[in-house]
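Below: one structure, written as structure tokens.
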Amino acid sequence: MFLTRVFGRAFFAAAAKSEASIAAAASYSTGPRNPLEEFFEADRKPDDETPVVYGRSWKASELRLKSWDDLNKLWYVLLKEKNMLMTQRQMLHAQNLRFPNPERISKVRKTMCRIKHVLTERAIEEPDPRRSSEMKRMVNAL
């Protein structure tokens, strides 16, 4: 009886781990197959004429409430979005098609500029001069 409990628990634990690994593999396989697909919008076709309303740019007051790590993550999300938009614009320009919603690029650029401004403010306000210069270097590297 004791051996059945021990081996049964070990068996069920191994089965649960294998189910979790199968689920993880399934979610990985449903992702984009080609990394270059991330530079194009999957939802929207170039010839689609329905108007789509996109969000606004972030305000500096909203960004000041975020942590340093959150702002860095948001910076790289916006960088990826900007690269996707610029790639799409260039692709459509090569085909002599109109780029839909060109104001999206300016919204992304404004937000990126505001993030850099907020991070620079934090670096200037830092009382430790070494940490302040390190933070400034990190902001300038963005």
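In this structure the side chain of Val108 reaches within 4.5 angstrom of the side chain of Met112, judged on heavy atoms. For the pair Met138 and Trp68, the minimum side-chain heavy-atom distance is below 4.5 Å. Taking the side chain as every heavy atom from C-beta outward, Trp58 and Val118 never approach each other to under 4.5 Å. Residues Asn140 and Thr120 form no side-chain contact, since every pair of their non-hydrogen atoms from C-beta on lies 4.5 Å or further apart.
For the residue pair Leu71 and Ile115, the shortest heavy atom distance occurs at O-CG2, 4.0 Å. Nearest heavy-atom pair, Arg98 versus Leu92, reported as atom, atom and distance to 0.1 Å: O-CD1, 3.8 Å. Contact detail for Ile105 and Met86: the closest heavy-atom pair is CD1-SD, 3.9 Å. Across all their heavy atoms, Ala123 and Ser132 have their closest contact at O-OG, 2.6 Å.
The local environment of NZ in Lys66 is sparse, with at most 12 non-hydrogen atoms from other residues, nucleotides or ligands closer than 6.0 Å.
For the atom pair CD of Glu134 and CZ of Arg137, the computed distance is 6.5 Å after rounding to the nearest 0.5 Å. Taking CG from Asp128 and CE from Met135, the interatomic distance works out to 10.0 Å, rounded to the nearest 0.5 Å. One finds the OG1 atom of Thr111 at 12.0 Å from the NZ atom of Lys82 (value rounded to the nearest 0.5 Å). Between the CZ atom in Arg114 and the CZ atom in Arg64 there is a gap of 10.0 Å [rounded to 0.5 Å]. Distance CZ/Phe99 to NE2/His93: 12.5 Å, rounded to 0.5 Å.
Comment: Lys136 does not engage Glu126 in a salt bridge, judged by the lack of any side-chain N to carboxylate O separation of less than 4.0 angstrom. Salt bridge annotation for Arg56-Glu62: present, with a cationic side-chain nitrogen under 4.0 angstrom from a carboxylate oxygen.
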Go through the steps for Asp70 and Trp75 under the test side-chain contact (heavy atoms from CB on, under 4.5 Å), then give the verdict.
-> CA-CA 8 Å; Asp70 288 343; Trp75 173 270; over 6 Å; no

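Note on Leu65: it does not cluster hydrophobically with Leu63, by side-chain heavy-atom contacts below 4.5 Å among ILVMFWY residues.
A side-chain contact (heavy atoms from CB on, under 4.5 Å) with Glu81 holds for exactly one of Leu79, Leu85, Asn83; it is Leu85.
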